[in-house]
Amino acid sequence: MTYPDSSQPSDFIRAIISEDLRTNKNDGRLVTRFPPEPNGYLHIGHAKSIFLNFGVASEYKGGICNLRFDDTNPSKEDVKYVESIKEDVRWLGFDWNDRLFYASDYFDTLYDYAVELIKKGKAYVDSLNAEEIRAYRGTLTEPGKNSPWRDRSVEENLKLFERMRAGEFDEGAHVLRTKIDMAAPNINMRDPALYRILKVPHHRTGDKWHIYPMYDFTHCLSDSIEGVTHSLCTLEFQDHRPLYDWVLDELGIQNHPQQIEFARLNISYTVMSKRMLHKLVDRGDVSGWNDPRMPTLQGLRRRGYTAKSIRNFCNRIGVAKRDAVVDMALLEHSVREDLNQHAPRVMAVLHPLRLIIENYPENQVEELDAANHPNDETMGTRKILFSRVLYVDQDDFRETPPKKFYRLTPGHEVRLRYAYLITCVGVVKDEQTGQIIELRCTYDPATRGGSSPDGRKVKATIHWVSATHSLPAEVRLYDHLFATSNPNAVESGKDFISNLNPASLKTLRDARVELSLKDAVPGTRYQFERHAYFCVDQVDSSDDALVFNRTVALRDTWAKVQQIQTKSEDK
RNA sequence: UGGGGGAUCGUCUAAUGGCAGGACGGCAGACUCUGACUCUGUCUAUCAAGGUUCGAAUCCUUGUCCCCCAGCCA
């Protein structure tokens, strides 16, 4: 999974690391870490971080990347998330080997460090309540003021902190804070909290603790304990870096990792915040965290995205410090690129239109050869069955064709893929509605397999299935979750929900797929020729009821031509 | 209006004083038993104004715009 050096996008983080390695900083060690909080499912934004941290480590000799769960807030966390996160990281193709850690493993050490800070007069137990602390903190433009409890003696602080640990106080009664500077222009330095009382059992430490350390205290020390050299995080932690450094410096910690911040990933037509994703799940706008429209790794996987395509995507978007919104088209390109190469082709009719070959013998059935991949012979061929009654897609016929319409139309000849050249000789309509319900065609027996011995050309080749030799299937057509490229751009009074795309899922229940799909295994990806890439749904598909998810449509030049045509008609 | 960051094609990203490059996207064409794939050509950018310099995306000055921070979340 190494990406070639020549095309390796250079980024400022790799530049820093290369320089550090060159100057033998950290004795030439390189250790990064991916530090998820087990309070939700991973999304593609996390994939960027995983790809960066594990990627960077793998590019340098001896580089290591730890998987560490930042599990310091048991009120929000759960083991189920731990398991799903591990599964997702593995699925993405990364291996932490024996480097699996939990911040909760360090709770004893962390407690000792906190005691040390108290003894040094750098931390104190504050008995203000949350509201008071907020009031004392000041504002962005005004300095805060010292808590009346700030000057408690070391002994008293020690005693109170010990009693906090023992569970003698209610939640919120006290909090351990650093003693830095209530007038600091950086609000994060105004005596930030180190420990809070939380009478909640922890998914790993059970009910051993009644106090839990805060992120700012835990993260830097965990990094240091694990020998991390480069602690990569997102931009919003820039303001926390002075605190990260302060804790390590005050404690005289030898291994002092360097925190480096980069911009988080945003993608057009979707949202990436856990809060928003949560809301979509709670409201039922999607079927769950693994809904194929979700940008979660579970959702993308179910949609049919390959791990490789996501890695390639991460490689392409690069790493920088400026806020950015990556075009969804790039993600889609990445998966098409991979699927084009590896997905076997099959034929499926999504909106069936009956087609009768009038001059084809009534009960005859022929086996025809079809290539599983037109550009890769090693993928072999399969047999497809041809008969007198077929289905083709409604989009492939027009009684009165617009300009540049090459497909089936009365009197014109087209090729049925891998089968015969046919000509439309008649149209059967519903007498009531006028809707076309059947096409009458003739075929040229000399063109078996789709060849034309006399060298005559047809403009189009269309796909088909035999009516009796095909399977019913449910097909789910997915599109962008949001109708607008920036879901956060809303009129006042509305929120991102108002930008949901009402057409993000269209379910087709009358689709017909070729017989070879009979035992299609959930999770398998195919290209339905001339339509899109599809993945057998891993949740709802069964032997009796096939369900396919559209991963991404094929590029469709004809659709563009049509759009332009309808636009000019409107004028 | 405190503090911390950031501004390069439509989008993402390179170029660390020396030809503004790549990818996606768009457009045009070639090819084609997928209007796919592939191939060819093409389009578009240094936030602004000054300055330093033989030479500035890069250095300096001034300004503009955008993002983040007032959890006992991470």
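Per chain, numbering begins at 1; letters A, B, ... match sequence-line order.
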Run Arg14(A) and Glu59(A) through salt bridge (Lys or Arg N to Asp or Glu O under 4.0 Å) and show every step you take. CA-CA 10 Å; Arg14(A) 273 172 250 255; Glu59(A) 286 159 27; 2.5 Å; yes
Pairing annotation in dot-bracket form, given for RNA chain B with Watson-Crick or G-U pairs under 3.5 Å and | for cross-strand partners: .((((((..((((....[..))))((((((.......))))))...(((((..]....))))))))))).....
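- Nucleotides rG10(B) and rG26(B) are separated by 15 Å at their P atoms, to the nearest Å.
- For the P atoms, the distance linking rA7(B) with rA14(B) amounts to 10 Å, nearest Å.
- Going from the C1' atom of rU8(B) to that of rC47(B) covers 10 Å, rounded to whole Å.
- Distances shown here put every side-chain N or O of Arg322(A) at or beyond 4.0 Å from the OP1 or OP2 atom of rC12(B).
- One N or O donor and one acceptor, one from the side chain of Arg407(A) and one from the base of rG35(B), sit under 3.5 Å apart.
- Within the nucleic acid shown, Leu416(A) has no heavy atom closer than 4.0 Å to any nucleic acid atom.
- Taking the C1' atom of each, rA57(B) and rU40(B) are spaced 31 Å apart, rounded to whole Å.
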Find every protein N or O atom lying less than 3.5 Å from an N or O atom of nucleotides 37-47 of chain B, and list the pairs.
residue	atom	partner	partner atom	Å
rC37(B)	O2'	Asn340(A)	ND2	3.0

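- Residue Arg150(A) forms a salt bridge (Lys or Arg N to Asp or Glu O under 4.0 Å) with just one option from Asp191(A), Asp181(A), Asp126(A), and that option is Asp191(A).
- Within 6.0 Å of NZ in Lys404(A) there are 12 or fewer heavy atoms belonging to other residues, nucleotides or ligands.
- Salt-bridge check for Arg68(A) with Asp223(A): passed, with a basic side-chain N closer than 4.0 Å to an acidic carboxylate O.
- Looking at heavy-atom distances under 4.0 Å, His240(A) makes contact with a base.
- The nearest whole Å value for the distance from the CD atom in Glu77(A) to the C1' atom in rA74(B) is 9 Å.
- Here Glu19(A) pairs with Arg22(A) in a salt bridge; the nearest charged N to carboxylate O distance falls below 4.0 Å.
- Which of rU13(B), rG6(B), rG10(B) sits closest to the side chain of Lys321(A) comes down to rG6(B).
- Here, rC43(B) and rG21(B) have their P atoms 11 Å apart, quoted to the whole Å.
- Nucleic acid contact for Asp126(A): none, since no nucleic acid atom lies under 4.0 Å from a heavy atom of the residue.
- Among the heavy atoms of the strands lying under 4.0 Å from Lys404(A) is at least one base atom, whether or not backbone atoms are also near.
- A donor atom on one side chain and an acceptor atom on the other are not found under 3.5 Å apart for Gln527(A) and Glu529(A).
- For the pair Leu277(A) CG and rA74(B) P, the computed distance is 20 Å after rounding to whole Å.
- In this structure, Tyr215(A) and Phe237(A) have tilted ring planes: the angle between them lies in the 30° to 60° band.
- Close to rG3(B), at under 4.0 Å from its OP1 or OP2, lies no side-chain N or O of Arg241(A).
- Using C1' as the reference atom, rA28(B) and rC65(B) are 37 Å apart when rounded to the nearest Å.
- Take His333(A) and apply the ring pair (Phe, Tyr, Trp, His ring centres under 6.0 Å) test, not counting sequence neighbours, and it matches no residue.
- The CG-C1' distance, from Leu235(A) to rG4(B), rounds to 10 Å in whole Å.
- Both His373(A) and Ile197(A) lie close to RNA chain B; mapped to their nearest nucleotides by heavy-atom distance, the more 5′-ward contact belongs to His373(A).
- Between Phe161(A) and Tyr111(A), the angle of the ring planes stays under 30°, which puts this pair in the parallel group of the 30/60° scheme.
- Base orientation at rG63(B) is anti, since its O4'-C1' glycosidic dihedral falls outside 90° of 0.
- The shortest distance between the side-chain N/O atoms of His333(A) and the OP1/OP2 oxygens of rC24(B) is below 4.0 Å.
- Annotation: rC73(B) and rU61(B) have their P atoms spaced 42 Å apart (nearest Å).
- Close to rG71(B), at under 4.0 Å from its OP1 or OP2, lies a side-chain N or O of Arg134(A).
- Two residues, Thr447(A) and Ala329(A), neighbour RNA chain B, and the one matched to the more 5' nucleotide by heavy-atom proximity is Ala329(A).
- Of the candidates rC72(B), rU11(B), rA36(B), the closest approach to any side-chain atom of Asp327(A) belongs to rU11(B).
- Side-chain atoms of Asp239(A) and base atoms of rG3(B) include a donor and an acceptor less than 3.5 Å apart.
- Remark: the separation of the C1' atoms in rU46(B) and rU16(B) is 15 Å, to the nearest Å.
- Atom pair Tyr269(A):OH and rC12(B):P shows a separation of 14 Å (rounding to whole Å applied).
- Ring pair Phe69(A)/Tyr102(A) is parallel by interplanar angle, where below 30° counts as parallel and above 60° as perpendicular.
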